Amino acid sequence: MSPQAGLALGIDVSHHRGRVDWRLVKDDGVSFGIVKTSDGGHFIDPTFDFNWTQMRHAGLIRGAYHFFRPAVDPVDQAQLYLSMVGNILHESDLPPVLDVEAYPSYVREEYYAFSLAERLNRIRQWLDVVAGATDRVPMIYTNQNTWQATLGNTQDFRQFPLWVANYGVQQPNLPAGNWGGNGWTFWQYSSTGEVAGVNGGLPPVDLNVYEGSEEELRNWLGISAPRPLPPAVTNAQMLNAVRKAAEDLGVDPDDLVARLKFEYLGAPASNRSRPYDGPGFDEMPLNEDEKWALVQALQAVLDGPEDNPLE
């Protein structure tokens, strides 16, 4: 079964789908992509940075999800997700997503090691930490069976948008009394889709729809115009360029880094090698002279020794 025509189409992928050509995905009529960020307390999807930056360059609306493991400290899980997404999630991106499902069987067993009240409490902790850090209301991905059998079909989370999985039906079956009367926001309606740019255009890939058109999705997110693209550099290269620009302008490099809120580019150290996905030059709170100095400094950094930190 396929949803009604006119709804915004999306896909979701993890490292299991390999390297995705997001421009081909966009050209195939897809409006949004949701990609795996992390799993439990330690696993980071090795394709996340590539997928995240390439979706932006392709002009797709983006989302990022964390797979919840009930046996792992939920605050640790939230911090792992935030370490990857917390500083780069933009208002034009989809809300943070928590993947709640009792699959595979070992995950189901983890849930049943706790009382129902503790299962719900652990999910609530992740949502509260991420909401507080991002100032966004997270979205929950789940399915009717998981929510009914494992989480008591509770309506306690009805204020969080629902992304529901249900295949082969004309309308999805929803848990929690039609999600507390709020219905679904996103629907994963197939796990065997075909989309250009994924698996050479062959199945499987998960297919999703938003509850409205692409225009309505953009309105929901408050997107009024395309976001300026960032330069294709690493975080370390951008941080070095900001410091060099400050020196050329005769200002304190730490003050300029702080004004741009770029401290995260180099801390933790693992962030330095990640692709830069912050604001484009036109989004930065800089005057024209400062922007020009930064453009020139970035070119100098790119022409010099790679990732050579400036003191």
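Being a predicted model, the structure only gives us computed values, none of them experimental.
- Both tests do not hold together for K36 against F48: distance to the six-membered ring centre under 6.0 Å, angle to the ring axis within 45°.
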Residue pair R122, E110: steps toward the salt bridge (Lys or Arg N to Asp or Glu O under 4.0 Å) verdict: CA-CA 12 Å; R122 286 176 167 252; E110 288 182 11; over 6 Å; no
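- When only modelled atom types and interatomic distance are considered, N235 and N271 share no side-chain donor-acceptor pair under 3.5 Å.
- A donor-acceptor pair shorter than 3.5 Å cannot be found between the side chains of T47 and H15.
- In this structure the side chain of D99 never reaches within 4.5 angstrom of the side chain of T142, judged on heavy atoms.
- Counting non-hydrogen atoms of neighbouring residues, nucleotides and ligands closer than 6.0 angstrom, the NE2 atom of H57 exceeds 12 such neighbours.
- Linking ILVMFWY residues whenever their side-chain heavy atoms come closer than 4.5 Å, directly or via other members, leaves W292 and V233 in distinct clusters.
- Side-chain atoms of Y81 and D76, non-hydrogen and from C-beta on, never get closer than 4.5 Å to each other.
- By the 4.5 Å heavy-atom criterion applied to side chains, L127 and L98 are counted as neighbours.
- A continuous path of ILVMFWY side-chain contacts below 4.5 Å connects Y264 to L298, so both sit in one hydrophobic cluster.
- A side-chain donor from one of N208 and D12 sits under 3.5 Å from a side-chain acceptor of the other.
- The pair E91-R227 does not count as a salt bridge, with every side-chain nitrogen at least 4.0 angstrom from each carboxylate oxygen.
- Counting heavy atoms from C-beta on, the side chains of R56 and P230 come closer than 4.5 Å.
- Using a 3.5 Å distance cut-off with no hydrogens or angles, the side chains of Q77 and D73 do not pair a donor with an acceptor.
- A side-chain donor-acceptor contact under 3.5 Å links R274 to the backbone of M84.
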Quick one, Y210 with L7, criterion side chain to side chain contact (heavy atoms under 4.5 Å, CB included). Give me CA distance, side-chain angles, the key distance, then yes/no. CA-CA 6 Å; Y210 173 66; L7 302 182; over 6 Å; no
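- A tilted orientation is assigned to the rings of F68 and Y111, their planes being inclined by 30° to 60°.
- In this structure, W126 and H66 have parallel ring planes: the angle between them is below the 30° cut-off, well short of the 60° mark.
- Ion pairing of R23 with D27 is absent here, as no side-chain N (NZ or NE/NH1/NH2) approaches a carboxylate O to less than 4.0 Å.
- Here the closest non-hydrogen pair linking P138 and F160 is O-CD2, 3.3 Å.
- One N or O on the side chain of D252 and one on the backbone of D254 form a donor-acceptor pair closer than 3.5 Å.
- Cation-pi geometry between R124 and F157 is met: under 6.0 angstrom from the ring centre, within 45 degrees of the axis.
- Minimum heavy-atom separation, Y276 to M284: OH-CE, 3.6 Å.
- Annotation for V107 and A102: closest pair CG1-CA, 4.4 Å, computed over non-hydrogen atoms.
- R62 forms no cation-pi arrangement with F32, by the criterion of a distance under 6.0 Å to the ring centre and an angle within 45° of the ring axis.
- By the rule that hydrophobic residues join a cluster once side-chain heavy atoms approach within less than 4.5 Å of another member, L249 and V295 end up as members of separate clusters.
- Y141 and M55 are not part of a single hydrophobic cluster, where members link through side-chain heavy atoms under 4.5 Å apart.
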Yes or no on side chain to side chain contact (heavy atoms under 4.5 Å, CB included) for R272 and N240, after CA distance, side-chain angles and deciding distance? CA-CA 10 Å; R272 293 180 62 85; N240 292 343; 3.9 Å; yes
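- In this structure, the side chains of T154 and W147 come closer than 4.5 Å at one or more pairs of heavy atoms.
- Of the possible donor and acceptor atoms, none in the side chain of Q148 sits under 3.5 Å from a partner among the backbone N and O of N145.
- Distance alone, capped at 3.5 Å, is enough to place a donor-acceptor pair between the T53 side chain and the F50 backbone.
- Of the possible donor and acceptor atoms, none in the side chain of D93 sits under 3.5 Å from a partner among the backbone N and O of L89.
- The closest donor-acceptor contact from the side chain of W163 to the backbone of M139 lies at 3.5 Å or more, if one exists at all.
- Between the side chains of D277 and W52, at least one donor-acceptor pair of N or O atoms lies under 3.5 Å.
- Using a 4.5 Å cut-off between side-chain heavy atoms of Ile, Leu, Val, Met, Phe, Trp and Tyr, with links allowed through other members, Y167 and V169 fall into different hydrophobic clusters.
- Side-chain atoms of E283 come within 3.5 Å of backbone N or O of G280 as a donor-acceptor pair.
- V13 is not listed as a side-chain neighbour of D206, based on a closest heavy-atom distance of 4.5 Å or more.
- Side-chain contact between V205 and L207 is present, with heavy atoms from C-beta onward closer than 4.5 Å.
- Taking all atoms of both residues into account, the shortest heavy-atom contact from F114 to A71 is CE1-CA, 4.0 Å.
- With salt bridges taken as basic N to acidic carboxylate O contacts below 4.0 Å, none links R243 and E247.
- Environment of NZ in K291: crowded, with over 12 heavy atoms of neighbouring residues, nucleotides or ligands closer than 6.0 Å.
- Atom CG of N287 is surrounded by more than 12 heavy atoms from other residues, nucleotides or ligands within 6.0 Å.
- Residue E215 places its CD atom among 12 or fewer non-hydrogen atoms of other residues, nucleotides or ligands, all under 6.0 Å distant.
- A donor-acceptor distance shorter than 3.5 angstrom exists from the side chain of N153 to the backbone of A176, with no hydrogens or angles considered.
- Between the side chain of N182 and the backbone N or O of R158 there is at least one donor-acceptor pair closer than 3.5 Å.
- R17 places a side-chain heavy atom less than 4.5 Å from the side chain of N199.
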